[in-house]
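Report on the structure given below.
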Amino acid sequence: MPELPEVEASRLEVDPYFTRYRIDNVEVRRPDLRDRFPTRFRERLLGQTVETFARRAKYLLATLTSDETLVMHFGMSGSFTVSPAGGALEIDKHDHVVFHMSSGVIIAFNDPRRFGLMTLLTPRQLRTHPVLSRLGPEPLSDDFDAPTLARACRGRKAPLKAVLLDQRVVAGLGNIYAAEALHVAGLSPMRAASALATADGEPKEAAFRLVAAVKAVLLRAISFQVTDRDRSTRFRVYDRESLRCLRRGCRGTIARRTQAGRSTFYCPACQR
DNA sequence: ATTGAGACCTGTCGGC
DNA sequence: TGCCGACAGGTCTCAA
């Protein structure tokens, strides 16, 4: 479930049960996701109240009364399940951390593949974190605009798809929405990123189109996550190999190829 | 400094 | 039904 829209949907769903409640108990059933949990992880959480529950890129950040921040990442297969107070509790074998909140609600972090991450950072560790402190702009914020993207793309020979996946350029896109945004923008995933900028790093028209496409695709995906359940209209190119291109007036067929070890879906007819 | 390949771990799906 | 390979929405490390 986990690119920016899915993480944001998860945050919205869990926030009412997390924020302003105290963590009365934590079951650490497996302290080894992508990294081993920090020392005294459980002890540092016990009795803490969650003050805010925010998202940065694909990370979820719960700030605690102690000023420490609980950082969570879903990896490829992470998710939360919320069990109402007093309800029967079923523990899945991939529920690695289970939070018992002061309301009686139980929130479980589930992650079969264990590419996810959970850690607890002091304010200083949060500020200087080697990954978090280097994340690029939030794609839905005004900080992500064509000039910013063009500067990041200047002189880069890497294909556009790879640059959209680089979390230091823009933070939160993954394999699906990078492909979707490139289709909306009518840009080939194989195109060199440098094509978005002039020699001095000024944005070309394609940079404006791509920025707008990224925002549109993510906004649509978030609203889709929150409301829609119809899976048929979910993606324009992702997982649609050999199917007709959905762009109005385009008669192309969606192709698939491997880029940097991952599947890229695109329309060779309308993405240039 | 950039870039691509491989690794991490488990589950699912299609083909034989 | 059972086995096997291919593949999966992310990131990190390493070598070129």
Side-chain angles (χ1 to χ4, degrees), chain A residues 1-11 13 29-37 55-60 71-81 92-97 109-119 129-136 139 151-183 189-197 201 214 217-218 220-222 224-226 228 231 234-242 254-266:
Chain A
M1 321 181 37
E3 291 184 39
L4 185 153
E6 292 78 16
V7 176
E8 178 63 12
S10 219
R11 186 189 71 77
E13 184 199 333
R29 311 183 73 245
R30 258 205 102 131
D32 56 337
L33 298 179
R34 202 169 76 210
D35 296 326
R36 183 136 201 110
F37 292 1
R55 179 190 56 74
R56 173 74 172 104
K58 300 172 196 170
Y59 293 84
L60 289 170
V71 178
M72 294 172 280
H73 191 288
F74 284 155
M76 288 278 246
S77 58
S79 65
F80 284 120
T81 55
D92 181 89
K93 71 167 164 174
H94 300 299
D95 285 342
H96 304 309
V97 179
F109 181 92
N110 187 286
D111 183 11
R113 290 178 76 178
R114 288 191 286 117
F115 288 172
L117 175 134
M118 193 171 296
T119 192
H129 191 278
V131 173
L132 291 175
S133 70
R134 287 172 177 75
L135 287 174
R151 256 177 271 125
C153 288
R154 167 153 75 149
R156 283 188 73 164
K157 291 195 65 178
L160 279 177
K161 166 93 177 307
V163 171
L164 287 183
L165 290 179
D166 185 340
Q167 304 295 300
R168 295 166 306 184
V169 173
V170 55
L173 291 177
N175 201 44
I176 293 180
Y177 298 112
E180 296 292 300
L182 287 165
H183 184 258
M190 283 77 76
R191 187 87 167 273
S194 54
L196 295 190
V214 165
V217 159
L218 293 179
R220 179 176 183 277
I222 290 172
F224 189 98
Q225 289 290 328
V226 175
D228 265 283
R231 308 186 76 75
R234 203 147 83 120
F235 304 130
R236 301 166 53 114
V237 285
Y238 181 78
D239 206 19
R240 295 195 64 248
E241 184 183 16
S242 316
I254 304 307
R256 168 195 190 143
R257 60 143 61 190
T258 299
Q259 270 186 302
R262 335 241 356 228
S263 287
T264 293
F265 298 86
Y266 69 107

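Values reported hereafter were calculated over all heavy atoms of this structure, with side chains retained and with hydrogens, waters and symmetry mates removed. Proteins come first, then strands; the chains are lettered A, B, ... in the order of their sequence lines, and each starts at number 1.
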Under 4.0 Å between a side-chain N/O of [X] and OP1 or OP2 of [N], yes or no?
X	N	result
A:Y177	C:dG9	no
A:K93	B:dG11	yes
A:S263	C:dA8	yes
A:R256	C:dA6	no
A:H94	B:dG11	yes

**Item:** Neighbours of DNA chain C within residues 189-196 of chain A, by heavy-atom distance under 4.0 Å
**Value:**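 Here the set is empty: none.
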
Looking only at heavy atoms, which two atoms of [X] and [Y] are closest? And how far apart?
X	Y	answer
A:R11	A:R55	CD-N, 3.6 Å
A:C153	A:V163	SG-CG1, 3.9 Å
A:A57	A:L135	CB-CD1, 4.0 Å

**Prompt:** Sub-3.5 Å donor-acceptor pair from the side chain of A:R29 to the main-chain atoms of A:D95, do we have one?
**Reply:**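 At least one qualifying donor-acceptor pair exists.
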
**Request:** State whether the side chain of A:N110 and the backbone N or O of A:F80 hold a donor-acceptor pair below 3.5 Å, judged by distance alone.
**Result:**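 No; zero donor-acceptor contacts below 3.5 Å.
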
**Prompt:** Base, backbone or nothing for each nucleotide of nucleotides 10-16 of chain C, written B, S, -, heavy atoms under 4.0 angstrom, 5' to 3'?
**Reply:** BBS----

**Item:** Integer angstrom distance from the C1' of C:dG9 to that of B:dT3
**Value:**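 Taking atom C1' in both C:dG9 and B:dT3, they lie 23 Å apart.
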
**Request:** Taking atom P in both C:dT11 and B:dA1, compute the distance separating them and give it to the nearest angstrom.
**Result:**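 Here C:dT11 and B:dA1 have their P atoms 22 Å from each other.
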
Rounded interatomic separation in angstrom, taking [atom1] from [X] and [atom2] from [N]:
X	N	atom1	atom2	result
A:L164	B:dT3	CG	P	13 Å
A:F265	C:dC7	CZ	P	10 Å
A:Q259	C:dA8	CD	C1'	17 Å
A:E6	C:dA8	CD	P	16 Å
A:D32	B:dT10	CG	C1'	13 Å
A:K161	B:dG4	NZ	P	11 Å
A:R257	C:dC7	CZ	P	15 Å
A:D239	B:dC13	CG	C1'	12 Å

**Asked** Would A:F74 and A:F115 count as a ring-ring contact (aromatic ring centres under 6.0 Å, His included) if you check the C-alpha gap in whole Å, the side-chain angles of each, and the deciding distance to 0.1 Å?
**Response** CA-CA 7 Å; A:F74 284 155; A:F115 288 172; over 10 Å; no

**Request:** Salt-bridge test for A:D166 and A:R156: reply yes if a basic N is under 4.0 Å from a carboxylate O, no otherwise.
**Result:**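 Answer for the salt bridge query: yes.
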
**Item:** Identity of whatever pairs with C:dG5 - Watson-Crick or G-U, under 3.5 angstrom
**Value:**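 Looking at the geometry, C:dG5 pairs with B:dC13.
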
**Prompt:** Got a sec, which residues hit salt bridge (Lys or Arg N to Asp or Glu O under 4.0 Å) with A:R262, two or more places apart in sequence or on another chain?
**Reply:**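 A:R262 satisfies salt bridge (Lys or Arg N to Asp or Glu O under 4.0 Å) with no other residue.
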
**Request:** Take atom CZ of A:R56 as the centre, draw a 6.0 Å sphere, and report whether it contains more than 12 heavy atoms from other residues, nucleotides or ligands.
**Result:**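 Yes, enclosed.
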
**Item:** Centroid-centroid under 6.0 Å between A:H96 and A:F109 rings
**Value:**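 No, too far apart.
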
